[in-house]
Amino acid sequence: MPRRGWAVARQERGGAGRNWAAVEVIIRADAEEAVSLAAGVISQLVRDQPDMVLGLATGRTMEGVYQRLADAHLFGGLDFSRVTTFNLDEYLGLSPDDPFSYRQYMERHLFAKVNLSPDRTHLPLGDAPDIGAECRRYEDLIRACGGIDLQLLGIGRTGHIGFNEPLSAMFSRTRAKALSPETILQNMALFDPPSRMPHRAITMGVGTILDARRCLLLATGDEKAEIIAQAVEGPVTSMISATALQLHPRCAVIIDEAAASRLAHQDYYRWIFENEPDWDGFR
Ligand code: GLP
């Protein structure tokens, strides 16, 4: 029997308003289970809609998701040949072949391990000669591909999604952004030497992300607990970009117990998950 909800996307294009659930918070026992569920949702969508447009994210949390997708391709025959991808962001000034670029992160963790067609994988060009034109090109390309069916998201400690740092406008589009000192501190350890980390990035805007038909935010570990509580239960504010997801008609927030620990309404989220047929087959 065809499932509705997470497993069915195509027929909902343009058909807003029916059976849409706003934010759903799904709490898994540990990081392993949270990551597996996120990968399971993506795999199911790729199976149901082989030509889907998938929005991708970077960061340490995503590495396990990509490993599982690579395994699903290798051992389960998951076919990415018709999937198109758009990443959220890229560091400004880094060329696509720079080992610290997000393009190379994606090559290492996913692109080289599955059968995605290289001409269907997209990231902003961090070293484009005209950054404004590059941002417009990226927006146009997303639109030309029919928009994003599912946008995968992590969350930074400042509450950023993509690199939408505090005070990013709720309707912002792809553009260059200065990174906050906290974000630089969080990510510089991934650079060698750490001082090589750029202080600016090109990122999809909050508005670009909200345009995706679905969003899936994944966060694990206690260091994300406080920002997850603010993102999910706090007031919507441009000081925390992730709160904009409360305005999205269909957003799943998948977290482990540690990242959920500061949420006031955990029992309510568990009850909804247990009683929501959209998640049949994922429980
Ligand atoms: C970077 C990315 C974000 C991501 C964040 C989380 O800042 N631009 O999109 O959400 O990392 O990183 P981690 O998973 O390493 O905590």
Side-chain angles (χ1 to χ4, degrees), residues 28 30-32 34-35 37-39 42 54-69 85-94 98 100-106 108-110 122-124 126 135 138 148 150-166 168 172 174-191 194 196-206 208-210 212 215-228 230-232 240-245 248 251-256 258-260:
R28 304 277 76 193
D30 53 29
E32 167 88 20
V35 165
L37 178 60
I42 297 168
L54 179 57
L56 297 172
T58 49
R60 285 154 278 213
T61 316
M62 297 303 151
E63 293 176 13
V65 175
Y66 297 144
Q67 185 55 54
R68 281 164 182 77
L69 292 179
T85 68
F86 284 94
N87 266 78
L88 286 165
D89 44 19
E90 179 60 281
Y91 287 110
L92 204 65
L94 299 193
D98 188 299
F100 297 105
S101 67
Y102 278 160
R103 162 61 74 174
Q104 287 305 311
Y105 168 104
M106 290 309 307
R108 278 195 304 279
H109 292 290
L110 186 68
H122 307 286
L123 285 90
C135 295
Y138 205 63
I148 292 171
L150 175 74
Q151 178 64 57
L152 182 60
L153 298 162
I155 187 168
R157 289 202 199 128
T158 60
H160 67 219
I161 46 177
F163 269 134
N164 290 287
E165 295 286 38
S168 291
S172 49
T174 301
R175 70 222 183 285
K177 280 294 287 178
L179 303 179
S180 68
E182 204 176 346
T183 295
I184 293 169
L185 207 60
Q186 188 187 337
N187 286 358
M188 70 193 301
L190 303 171
F191 284 78
R196 260 209 74 194
M197 181 179 166
H199 290 186
R200 299 182 74 207
I202 298 177
T203 180
M204 283 185 199
V206 180
T208 320
I209 293 168
L210 291 179
C215 289
L216 194 173
L217 187 145
L218 173 68
T220 58
D222 7 304
E223 69 279 11
K224 298 283 171 76
E226 183 54 43
I227 199 66
I228 281 293
Q230 292 184 55
V232 172
I240 300 174
S241 299
T243 61
L245 296 171
H248 196 279
C251 173
V253 174
I254 300 179
I255 48 183
D256 63 355

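Atoms within a ligand are numbered from 1 in the order they appear, just like the ligands themselves.
Protein heavy atom in closest approach to atom 4 (C) of ligand 1: Thr58 O, 3.7 Å. Of the protein's non-hydrogen atoms, the one nearest atom 6 (C) of ligand 1 is Ile155 O, 3.6 Å. Nearest protein neighbour of atom 14 (O) of ligand 1, counting heavy atoms only, is Thr61 OG1, 2.5 Å. Counting only heavy atoms of the protein, atom 9 (O) of ligand 1 lies nearest to Gly162 O, 3.4 Å.
Per-residue contacts place Gly154 under 4.0 angstrom from the following atoms of ligand 1 (heavy atoms of the residue considered): 10 (O). Near Tyr102, meaning under 4.0 Å from one of its heavy atoms, ligand 1 places the atoms 1 (C), 2 (C), 8 (N). In summary, the atoms of ligand 1 found under 4.0 Å from a heavy atom of Asn187, numbered by their order in the structure, are 1 (C), 7 (O). Interface of Gln186 with ligand 1, defined as ligand atoms under 4.0 Å from a residue heavy atom, comprises 12 (O), 16 (O). Under a 4.0 Å criterion applied to the non-hydrogen atoms of Arg60, ligand 1 contributes the atoms 13 (P), 14 (O), 15 (O).
Ring geometry for Tyr138 against Phe86 counts as perpendicular: the plane angle is over 60°, on a 0 to 90° scale with 30° as the lower cut. Aromatic ring orientation, Tyr105 versus His109: tilted (interplanar angle from 30° to 60°).
The heavy-atom pair separating Ala231 from Ile155 by the smallest distance is CB-CD1, 4.1 Å. Between Ala244 and Leu210, the shortest heavy-atom distance links the atoms O-CD2, 3.4 Å.
Within the 4.0 Å heavy-atom shell around ligand 1 one does not find Arg157. For the ligand labelled ligand 1, residue Lys224 lies inside the 4.0 Å heavy-atom shell.
Contact check on Glu32 versus Arg68 returns a salt bridge, with a Lys/Arg side-chain nitrogen under 4.0 Å from an Asp/Glu carboxylate oxygen.
Panel note: side chain His160, backbone Leu179; no donor-acceptor pair is recorded below 3.5 Å.
At a 4.0 Å heavy-atom cut-off, ligand 1 touches Asp89 through the side chain alone. Contacts between His160 and ligand 1, counted as non-hydrogen atom pairs separated by less than 4.0 Å, involve the side chain only.
Residue Thr183 has no nitrogen or oxygen atom sitting less than 3.5 Å from a nitrogen or oxygen atom of ligand 1, judged on distance alone.
Checked against Thr183 for a side chain to side chain donor-acceptor pair (under 3.5 Å), the options His199, Arg157, Glu165 give a single hit: Glu165.
Once rounded to the nearest 0.5 Å, the distance linking CG of Leu88 with CD of Gln151 reads 4.0 Å.
Considering only heavy atoms from C-beta on, Asp98 stays 4.5 Å or farther from Gln104 through its side chain.
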